[in-house]
Structures are given as structure tokens and as C-alpha cells.
Amino acid sequence: MPPWFVGCLTPPHTNTNRALHRDRAVTNARRSPPPTSQRQTKAHANATPLSLSLSLSSRARDDNEKPRRCRVPRRFCSPEMEASGSWDAIDWNQIEDPRSRRSSQGMEEFLLEDEEVYAQGHGVVLLNTDEAGIVSVTNFRLLFVSQATKSIIELGTIPLSTIEKLNDDVKLQSLPRQYDKKQPRELLQVIGKDMRVIVFAFRPRTKQKNEVFDALRRYTKPSQLWELYAFSCDPSTVDKKSDPKMRLMKEYHRLLNEGSEFEVEKYYFRNNWRLTTVNSSYSLCSTYPSQLIVPKSISDEDLWQASTFRAGRRLPIISWCNPVSGAVLARSSQPLVGLMMNFRNNADEKLVSALCTQNVDANLPPRKLYIVDARPRANALANGAKGGGSESSSNYPKSEVLFLGIQNIHTMRDSLSRLRDYVDAHGSISSNGSSSAVSLVGDRRNRGSTWGGGSLNSMTQFSSMLGEWLNHIQNILVGASWIAAQIAQESASVLVHCSDGWDRTTQLIALACLLLDPYYRTFDGFQALVEKDWLAFGHPFAERLGIPTVSENGGSQYELLRQPSVGNLTSSPSRGSLGTPGSSSNTSVQSQTSNNSSPILLQWLDCIAQLLRLYPAAFQFSSKFLVDFMDCVLSCRFGNFLCNSEREREQSGITSSCHCMWTYLADLRASGGSFHEHINPFYDRERYWLPLVPPAAALAPTLWPQFYLRWTCPPESQGGGLESHGHSMRKKYEASVKSKEMAESRSRDIKMKMESMLTDLQRERRASSSALAMAQRARRENVAIKRAIQTIGCTVNFSTNENQVDKSEEMSYSFRREADTVSQQDDNADLSVSISAIEDSLVSETPSNQVCESLCPFRSREGCRWPHAACAQLGSQFVGLKANFDAFDRLSVKDCYFPKE
């Protein structure tokens with residue numbers, strides 16, 4: 001079930017952005033909706049629909065504020081507004097709410113946007129799971145919230161449009177033992193179109209059950225199309241670019257231009273077909289799309305003449321074509337040949353003959369044409385009494401007529417109803433409040449062994465019911481596979497029809513296209529296929545789902561049974577487990593089932609699920625996607641599947657008024673990424689790019705557990721499927737990928753830190769090398785200074801700043817000793833170096849040979865040669881100077897201060 005069904009815990013929304021709500025008590029007369037040209041005005045862009053379920057006066061408005069403009073159904077307008085005929089301007093302050101005020105009644109955190117509560121019951125027990133909670137009837141669904149966990153219970157929450165039948169006169173044979181029999185509960189049974197049967201137990205001697213039942217009876221059968229929840233959204237939030245007609249044109253061009261990048265002669269048959277707009281105003285056929293693909297040799301005039309020979313004017317139209325072989329897959333309704341099958345139509349015969357596949361060699365005859373009638377032969381002959389019937393191969397050259405024997409919509413509806421009853425009675429979660437593992441079903445006198453919730457006799461009964469439903473599924477599968485085989489293997493063309501050409505024909509055409517074209521087995525292709533063969537070609541969704549639609553003249557047409565059906569839940573043998581119903585009344589049973597409702601779409605999805613089981617790697621989508629897709633259609637939350645045809649949806653302005661289901665599903669997949677449960681983990685496009693032609697022996701269907709058993713046998717519905725294991729493996733893989741990403745992220749952080757530290761280290765190395773070079777240069781300079789000082793015989797004294805040198809002429813400088821300098825001075829003390837010149841008076845008169853000889857530059861190996869040679873003391877700058885060697889001895893400058901080279 002989609003998340004919005006049960007667990008969409010959206011924040012509370014204001015009531016100012018609510019759309020128009022429904023109320024059948026407004027008027028007893030059936031009034032038509034406003035004309036399309038007036039309803040689709042420029043007021044759409046600036047309109048902010050308000051909810052009529054709240055007091056409009058509670059919203060503060062400026063007296064100078066202009067009246068709001070919005071599109072509303074005529075039933076909400078005053079007689080003066082109708083008389084004036086003006087739909088452009090409506091003063092919302094002048095509109096009175098015909099119903100009492102509604103509120104969320106404390107359910108804000110569980111409600112969807114524009115959803116509000118109509119009725120509520122507290123202390124209600126869901127007998128299926130024996131869980132107490134609060135049941136609420138909203139404008140969208142029946143909502144059940146557990147009192148213990150404060151969360152939505154999925155089983156007890158069902159959209160109003162999905163409810164098929166209500167029964168407030170249910171008597172179980174035995175209540176669960178925890179209930180006091182002296183105070184029996186008041187029961188309400190809800191039967192859904194999604195195989196769900198749920199029973200609520202209300203407190204006795206309260207009005208809660210009557211309030212909930214009256215609200216359900218009132219809002220599950222809306223009399224107007226606009227009363228559906230799909231119309232409650234703000235039109236300004238609807239994507240106006242989502243146009244189904246444009247998407248259909250895109251699919252048509254894909255079919256006609258397939259392979260245009262290859263050589264033209266290979267796709268010679270592409271020129272055999274053309275697009276026509278003869279039905280642009282839906283005057284040719286009101287249930288066909290506005291644009292059609294027809295043979296190029298057929299003119300529009302021929303189409304007009306041929307349409308008169310088919311039921312509902314649904315003439316043969318191409319649904320799919322193969323540009324390589326020239327084979328086509330066409331659809332139509334039954335021909336009007338009459339009881340004696342003697343009526344003919346030249347234009348129809350010309351059109352059908354043009355569908356035959358032509359050979360590339362013009363000298364060769366055309367290939368065979370198969371005319372497939374989906375009905376049993378007896379049913380086709382019986383329709384002849386009403387003017388219908390089937391084709392005669394003698395009137396259509398190179399053709400062969402075949403019958404598939406698929407039953408009508410009424411047989412399908414009854415078969416599903418019997419299957420639902422038995423699955424509910426024999427599931428592990430049953431609506432009778434007891435587990436089927438310990439209950440005895442059927443004849444209570446039969447105390448034999450029980451298995452699977454029933455006696456052996458009841459299990460034989462179940463096999464018959466299950467086999468009946470699966471036989472219908474197998475007939476559809478075999479028919480579609482045979483059609484696909486003729487097109488793929490023989491390059492033959494096939495024309496498919498039933499009575500009206502919109503139920504069994506749609507099932508066969510859509511399933512055959514799915515087998516022939518791998519594009520339709522992707523998400524985008526599946527959407528294109530549904531919009532082409534189900535929506536555009538007029539499958540009557542409103543009739544088959546039991547919801548209102550619009551009539552030919554634009555007014556409201558209620559397709560449901562207006563009178564409540566009278567019956568009981570034990571009409572089928574399997575319903576006996578629920579007990580004997582009480583006296584029937586006109587208000588005890590409320591049914592949404594009309595004479596025309598039928599699970600046609602469900603059968604088609606069931607066939608796809610069977611193919612998905614046979615070819616698990618051929619489909620991009622999973623079985624869970626098919627289940628959620630069906631739930632979306634049944635809920636009527638979106639506008640895609642409302643009404644019966646493209647024309648009706650265009651007249652009612654659904655595209656610009658309702659949200660799109662395809663956008664919702666795409667956003668849902670995007671939120672989960674590539675590991676979403678809608679995505680098939682085994683999909684292999686490269687392997688399955690050719691048509692699928694399953695052999696007949698493989699077409700043995702089984703019960704689709706993901707859909708039929710999800711409410712009564714939840715573990716069994718998901719436990720044994722290949723997809724469930726695949727998704728489990730993908731979840732584990734996703735967890736490992738996340739762990740890997742986290743490890744890689746940490747690794748990148750560590751690497752960045754290491755690179756930063758390496759950069760700092762290199763910078764320190766460069767600084768160290770620069771300091772070392774400076775130190776070496778300073779050492780060399782100090783050595784040179786030391787030698788110079790020794791040469792001139794000057795005194796060098798080191799002392800702290802407070803210790804001054806002798807009173808003499810001096811040159812001084814200061815420097816900071818490094819931390820590693822070996823010295824007895826304080827590390828923070830500044831040293832000064834003083835170089836002093838000794839006065840002549842301090843020089844001894846007695847010459848010092850040691851000093852003279854050691855410093856004289858004129859000294860030779862023989863010693864001093866004065867006076868035969870020059871003397872430094874007498875004839876140079878050294879005259880009058882005397883070196884103080886005692887001061888040099890006290891000098892604290894040592895070689896260890898300078899590093900070795």
C-alpha cells in the first residue's frame with residue numbers, strides 16, 4: 001500500500017487552502033457542472049479554493065479586498081448567480097456552508113492535505129487484529145488509529161472509494177473470549193475492492209456506530225464527480241504541464257518513427273500508416289482518442305463510413321505496429337452483422353483488409369490477418385440477436401476468425417467476490433475475530449481434522465473457487481501470448497475485439513503489447529501503455545470502479561446503484577463462518593457495486609504479475625509497484641483514472657484540477673533511489689530486448705500473494721517471493737554501500753589531514769633549511785670577525801646589558817642567544833660585545849717579541865729580520881697598539897657555539 005494510504009504523517013495543514021467539498025443535501029435536483037469554457041478561465045491561476053466545511057468568516061479579510069475568483073460546481077451557487085450566468089467572480093463571504101462545521105478532532109498529525117474528519121468513534125475494536133483504537137471518517141478514507149501505539153493501522157484504514165459494501169447488521173457465531181457476552185458489541189463490516197474484509201466493534205448503547213455508519217453511507221457514494229477527494233486540492237498546486245494528450249502524441253511518434261536512425265529501406269513499412277485528426281472533436285467516436293493511427297490507404301471519409309458498422313462507432317484502429325515486419329495490432333468493437341450475420345459494410349471490409357501485412361515484394365500476396373474475438377462463440381452468436389455478432393472470414397480476404405472464450409464482466413466480478421470471501425474466512429487474520437488456525441469452518445457438526453483454517457470439505461470448495469479465478473487469468477494469458485506469437489513469429493497482423501471493445505479487448509491488446517515491445521516493460525513504457533490502451537481508448541473506469549462521472553451533455557451522471565442493495569454476507573458458501581445475518585433492511589447493507597463494476601484492470605495486473613514470475617529479469621518494475629498502482633487507482637486520490645473516456649476527462653477539467661498519479665509514483669521512487677521497492681533488482685535490459693513469447697505449458701498461473709493474501713496472510717504474502725529476497729539482499733547491499741561510503745569519507749578526511757600535515761612538515765623543513773643556511777653564514781661571519789679581532793689585537797668582552805665595559809671608545813651590538821647555546825648566562829639576558837682600542841699609555845715600553853713575531857706580516861722562517869727588513873711595529877698601523885691577550889683569554893666565545901660544517 002502506498003505510504004499516503006496509512007502512514008503519511010504530514011504536519012497539520014491550514015483550512016484556508018481547502019477545495020470545494022461535497023454535500024448531497026444541498027439540492028435534490030441533478031444539476032450539470034459549469035460549461036468547460038467558463039470553468040477553465042484565467043481565474044484558475046489566482047484562485048485559492050477554500051473549504052466549505054469551515055466557517056469562512058473565521059478568516060480575516062480586508063474590506064477593500066477584491067472578491068476571490070474560483071471555479072466551483074453550480075450546485076454551490078445561489079439562484080441569483082445562476083440567473084446571471086456569471087462564473088468569473090464569486091464573493092466567498094456570501095457563500096454559506098450547508099453542512100455543520102467539521103474539524104480535525106485531534107487527528108491533525110494523521111491527516112493528509114485537505115483532509116478533514118466527518119465522524120469519529122472512540123474505543124472501537126478492529127476484530128481482525130483485536131486492537132482498540134479511534135476510527136474516523138474523513139473526506140478521503142476510513143482512518144483507524146491505534147490507542148496503544150498512536151499510529152495508523154494499515155488494515156483498518158481504507159479509502160472511501162475502495163469500499164465496495166457496508167453492513168451494519170453482522171452477527172458473529174462467537175465473539176473472542178475477552179469480550180463479555182453480557183455486553184455484546186455493535187458490529188460494522190466493511191468490504192473493500194482490494195480483497196479486504198474488516199469488522200469494527202463499537203461500544204454498546206452509544207451513537208458512535210450510527211454516526212460512523214451514516215457518514216460512510218453518505219460519503220462512499222458521492223452523487224457528483226466533484227465530490228471526490230481528488231478535486232479537493234488547490235488547483236494552483238496542480239502541474240498544468242502534465243498533459244496526457246501530449247504524452248499520447250509522443251508515444252504515437254515513437255511507434256511511427258521507431259528506428260529512424262537506421263537505414264530507411266529497412267523500415268519500409270513505416271510509410272504504410274498515418275496519424276489522423278478526424279476525431280479531434282470526438283464526433284467520429286466519443287470513446288476514442290482525438291488522434292488515431294490508421295492505414296495510409298484509408299481516407300477520413302472511409303473512416304466515417306466504417307464507424308457506422310461497429311458497436312459504439314469503435315471502428316478498427318491500429319494500437320501498435322512493427323516498422324520492421326509491417327505487422328500491426330489493431331482493436332475495435334463487434335461488427336453489427338445482425339442475427340443472420342448477413343449485414344456487410346464495404347468501408348469496414350476495406351479498412352480491415354488494409355490492416356493485412358504487405359510483403360516487401362509487391363508480387364507476393366499479403367500475409368494472413370487474424371481476427372480474434374475474445375468472447376466465447378456462444379456469447380458472440382447471442383449478441384447477434386441484439387444486432388451485434390462476429391465477422392465472417394468469407395467477407396474479409398486472407399483472414400481467420402478465432403474465439404478465445406473469455407467470460408464477461410459479471411462473471412469476473414462474481415468470481416472475485418467468492419475468492420475474497422473464502423480468503424478472508426481461511427486466512428490467518430480473519431474478519432470474524434478468530435484465527436483460522438484453530439477455527440472450524442463450514443458445517444459445525446463436522447468435527448474432523450482441520451487444516452489451513454477449514455475442514456477437508458471446505459478446502460475442496462476453496463480449490464474450486466481458486467481454480468475458477470485462475471482459469472480466467474489463464475485464458476487472458478494464453479490469448480495475449482498467442483496474439484504476440486503470431487505477430488512476432490509470423491509477421492501477421494491481428495485485429496482484436498469483444499462486444500464493446502473496451503474490456504477484454506483492452507486486456508488482450510495491452511498484454512500483447514507488453515510481450516512484444518520491451519519499452520512497455522519499463523516505468524516510462526508502462527505509463528505510456530496504460531495511457532494509450534486503457535485511458536485514451538476509453539476503458540470505462542468510472543463504471544468498472546463504481547464512481548460517478550459526467551454525462552454526454554456535461555451534467556453529472558451517477559453510474560452507481562442509487563438504491564442500496566439488500567443482501568447478506570452468507571450468499572456464498574464460504575461466508576457461513578461469519579454467522580447468520582439478522583433481518584435484512586433497506587439500510588443495513590450499503591453497496592457501491594453497480595451492475596457494470598468488474599475487476600478488469602486487476603486481472604490485467606494479475607497477468608503481468610504472472611509474467612513477472614516467469615521472467616523476473618524482463619521487467620524494470622516489481623510486483624510491489626503493481627500493487628501500489630492498483631491501490632492508487634482504487635483510491636481515486638488522483639484524477640488520471642476518473643471518468644470513462646478522454647472526452648469526459650477533458651470536459652470535466654481533470655488535468656488542471658487534480659494531481660497526477662504518475663508524478664506521485666515517480667517522486668516516490670526518487671525518494672528511495674535505485675533501491676526503492678518499486679524497482680526490480682533483477683532487471684536485465686540487455687538480455688530481454690526482444691519480444692517475450694512464453695510457451696503454452698508455462699502459462700499455469702498461481703495466486704498472486706502480494707495482492708490477494710496481504711490482508712489475511714501477511715507473512716505468506718511476502719515470505720517466499722523471489723523479489724522479497726532480492727529486495728532483502730539489496731537492502732543489505734545498500735547498508736554495506738553506506739558503510740563503505742562512510743569509511744571512504746573517513747579515509748578522505750584522514751588523507752586530507754595527512755596532506756595538511758605533510759605541507760606543514762615541508763614548510764618546517766624549508767624554514768629549518770633556511771635557518772641552517774643563515775646559521776652557517778653567521779658562523780662563517782663570526783669566524784672572520786674573530787680572526788679580524790685577533791689580528792688587530794682588540795679586546796672583545798661579552799657581558800649582560802647591566803654590566804658595562806671599561807670606560808673607553810667602543811663599538812657594540814646586541815644579539816639574542818639561541819636556546820641551545822651553551823652558556824652560564826640567563827636564557828632571557830641580552831649580551832653585548834664590546835671591542836675596545838687600548839691607548840698608547842697602556843702599551844708596555846718593552847717590546848714583546850712574542851707578540852711582534854706572531855703578528856708581524858713581514859716575519860719569515862728565520863724569524864724577525866728587522867732592521868734589515870720592514871717592521872710592522874715601526875712602519876704600519878700597528879704602531880702604538882698593544883694586544884691585551886689576557887682579555888682574549890677571558891673571552892667566552894667558543895667554537896662549540898657554532899655548528900660544524
Side-chain angles (χ1 to χ4, degrees), residues 18-36 38-40 47 49-53 70-79 81-82 87 90 95-99 102 114-116 118 137-141 159-163 214-235 238 540-564 590-592 594 596-597 635-645 647-659:
R18 305 282 178 115
L20 300 172
H21 287 287
R22 62 290 294 155
D23 185 19
R24 291 179 296 182
V26 176
T27 176
N28 293 328
R30 297 174 62 184
R31 296 176 178 174
S32 61
T36 306
Q38 295 175 352
R39 294 171 56 246
Q40 297 176 345
L50 304 180
S51 175
L52 293 180
S53 63
C70 183
R71 168 188 57 77
V72 297
R74 184 176 297 172
R75 60 191 182 86
F76 286 118
C77 296
S78 62
M81 296 170 61
E82 288 190 6
W87 292 86
I90 297 176
I95 299 180
E96 297 295 337
D97 183 9
R99 296 177 289 124
R102 304 295 180 184
D114 302 317
E115 186 179 12
E116 57 187 22
Y118 291 155
V137 180
T138 72
N139 57 335
F140 171 55
R141 54 185 171 171
L160 300 181
S161 299
T162 310
I163 297 176
D214 291 342
L216 286 174
R217 186 174 55 181
R218 182 178 185 180
Y219 296 108
T220 54
K221 294 179 60 177
S223 60
Q224 298 281 347
L225 175 65
W226 337 108
E227 296 177 356
L228 293 174
Y229 176 76
F231 287 91
S232 64
C233 65
D234 186 351
V238 178
F541 279 100
E543 295 184 13
R544 299 300 175 258
L545 299 179
I547 57 177
T549 182
V550 293
S551 62
E552 294 294 330
N553 57 7
S556 176
Q557 179 186 9
Y558 189 44
E559 295 295 340
L560 307 180
L561 280 180
R562 299 300 296 154
Q563 299 296 330
Q590 182 78 15
S591 175
Q592 276 208 68
S594 71
N596 294 324
S597 65
S635 70
C636 295
R637 184 188 180 188
F638 307 97
N640 302 78
F641 295 87
L642 302 181
C643 301
N644 290 323
S645 63
R647 178 190 181 186
E648 292 183 3
R649 283 184 286 272
E650 186 174 327
Q651 286 179 343
S652 57
I654 287 178
T655 302
S656 59
S657 304
C658 305
H659 288 300

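Residue numbers start at 1 and run along the sequence shown. All values below come from the heavy atoms of this structure, side chains included, with hydrogens, waters and symmetry mates left out.
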Legend entry - side-chain hydrogen bond (donor to acceptor under 3.5 Å, both in side chains) involving Arg544 - partner list, sequence neighbours excluded: Asp503

Legend entry - OG-CH2 distance between Ser657 and Trp226, expressed to the nearest 0.5 angstrom: 8.0 Å

Inset, instruction - Check whether any side-chain heavy atom of Leu225 lies under 4.5 Å from a side-chain heavy atom of Thr549, and answer yes or no. - result: no

Inset, instruction - Using modelled atom types only, decide if a donor and an acceptor are shared between the side chain of Arg649 and the backbone of Leu642 within a distance under 3.5 Å. - result: yes

Legend entry - Nearest-0.5 Å distance, CZ of residue Phe638 to SG of residue Cys658: 10.5 Å

Inset, instruction - Would you indicate whether the side-chain heavy atoms of Asn139 and Tyr219 approach each other to under 4.5 Å? - result: no

Legend entry - Considering all heavy atoms, the nearest Ser652-Val550 contact: CB-CG1, 4.3 Å

Inset, instruction - Quick one: pull up CG in Asn640 and OG1 in Thr655 and give me the separation to the nearest 0.5 Å. - result: 8.0 Å

Inset, instruction - Compare all side-chain heavy atoms of Ile654 with those of Cys643 and state whether any distance is below 4.5 angstrom. - result: yes

Inset, instruction - State, to 0.1 Å, how close Pro548 and Ala542 come at their nearest heavy-atom pair, and which atoms those are. - result: O-CB, 4.2 Å

Legend entry - Closest heavy-atom pair and its distance - Cys636, Ala230: O-CB, 3.5 Å

Inset, instruction - Indicate yes or no: at least one non-hydrogen side-chain atom of Leu228 is less than 4.5 angstrom from one of Pro222. - result: yes

Legend entry - Residues which pass side-chain contact (heavy atoms from CB on, under 4.5 Å) with Thr138, listed by chain and number, not counting sequence neighbours: Leu111, Glu115, Val117, Phe140, Arg141

